[in-house]
Structures are given as structure tokens and as C-alpha cells.
Peer 1: 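Before I ask anything, let me first share the structure, which is written out below as C-alpha cells.
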Amino acid sequence: MDFRMEFITTCRPEDAGPHFQPSLLLKCCLRRACSICKDSSHPTHRLFSLLPSGRCFRTLKTRTSRMRNSFFPRTVSLLNYS
């Protein structure tokens, strides 16, 4: 599943073929993020912290584009805007 999600996040819809579904990315990200949020012993559990209002997740400060384009900042922004 991780390889599939990596492929979807790095390709364009034109490259993915006729079976490209943007909702598939959202479902995979939400499922993985929910499992991380529920498991307090997960190493990246602290990256999914809520703001004091309790409505949005805290955005991650990144210094490099490698981290900025990784799973966690993308998922936090997806969770905040969906």
C-alpha cells in the first residue's frame, strides 16, 4: 500500500492512466493518519497535534523540500482542508 500511495503522490493524473482516482490518495492518507493518531506509542504521533481550537492540526515547519514533500506535511494539509 505504501508503494501505491507513493506512486499516486508523485505522478500526474495523465501519467497514471485511466484508473487514477484522487479519492484513493485521500482515503489512504486518512487511514494511515488515523492509525498514527490513535497509537500514542508511534514515533510520529507528535506530528499530528491539534491546535488549541481542536479543529485543525498544527502545520509542520520544514526546512528542506525533501521533508516538505513527504507524507506528513501533505497529510496534515489534506486533513486541514478536507
Side-chain angles (χ1 to χ4, degrees):
M1 182 170 94
D2 289 342
F3 171 74
R4 188 180 210 178
M5 192 165 31
E6 292 280 328
F7 172 73
I8 291 172
T9 59
T10 57
C11 73
R12 298 179 310 186
E14 300 86 30
D15 297 339
H19 302 293
F20 180 76
Q21 297 175 351
S23 62
L24 179 65
L25 170 66
L26 184 61
K27 283 197 314 194
C28 289
C29 287
L30 287 176
R31 189 178 320 129
R32 189 169 169 197
C34 287
S35 68
I36 292 172
C37 288
K38 289 177 186 176
D39 184 14
S40 60
S41 64
H42 196 280
T44 59
H45 175 76
R46 64 179 181 79
L47 295 178
F48 292 98
S49 59
L50 286 172
L51 290 172
S53 66
R55 286 186 244 160
C56 294
F57 286 95
R58 191 175 306 275
T59 57
L60 304 175
K61 306 261 183 178
T62 58
R63 293 183 184 208
T64 62
S65 61
R66 180 177 181 170
M67 177 60 179
R68 196 174 304 121
N69 295 329
S70 71
F71 169 77
F72 299 106
R74 284 187 182 192
T75 304
V76 168
S77 63
L78 274 174
L79 288 171
N80 285 338
Y81 294 114
S82 63

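In what follows, every heavy atom counts, from backbone to side chain, and hydrogens, waters and symmetry copies are set aside. Positions are given from 1, in the same order as the sequence printed here.
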Peer 1: Minimum heavy-atom separation for Arg32 to Ser35, with atom names?
Peer 2: O-OG, 2.8 Å
Peer 1: Side chains of residues 59-67: which donor-acceptor partners sit under 3.5 Å, not counting sequence neighbours?
Peer 2:
residue : atom : partner : partner atom : Å
Thr62   : OG1  : Arg68   : NE           : 3.4
Thr64   : OG1  : Met67   : N            : 3.3

Peer 1: Given side chains that start at C-beta, do those of Phe57 and Thr75 come closer than 4.5 Å, heavy atoms only?
Peer 2: no
Peer 1: Just to verify, what does His42 make a side-chain contact (heavy atoms from CB on, under 4.5 Å) with, not counting sequence neighbours?
Peer 2: Ile36, Asp39, Thr44, His45
Peer 1: Rounded to the nearest 0.5 Å, what separates atom CG in Leu50 from atom SG in Cys37?
Peer 2: 7.5 Å
Peer 1: Tell me whether Leu51 is reachable from Phe72 by hopping between hydrophobic residues (I, L, V, M, F, W, Y) whose side-chain heavy atoms are closer than 4.5 Å.
Peer 2: no
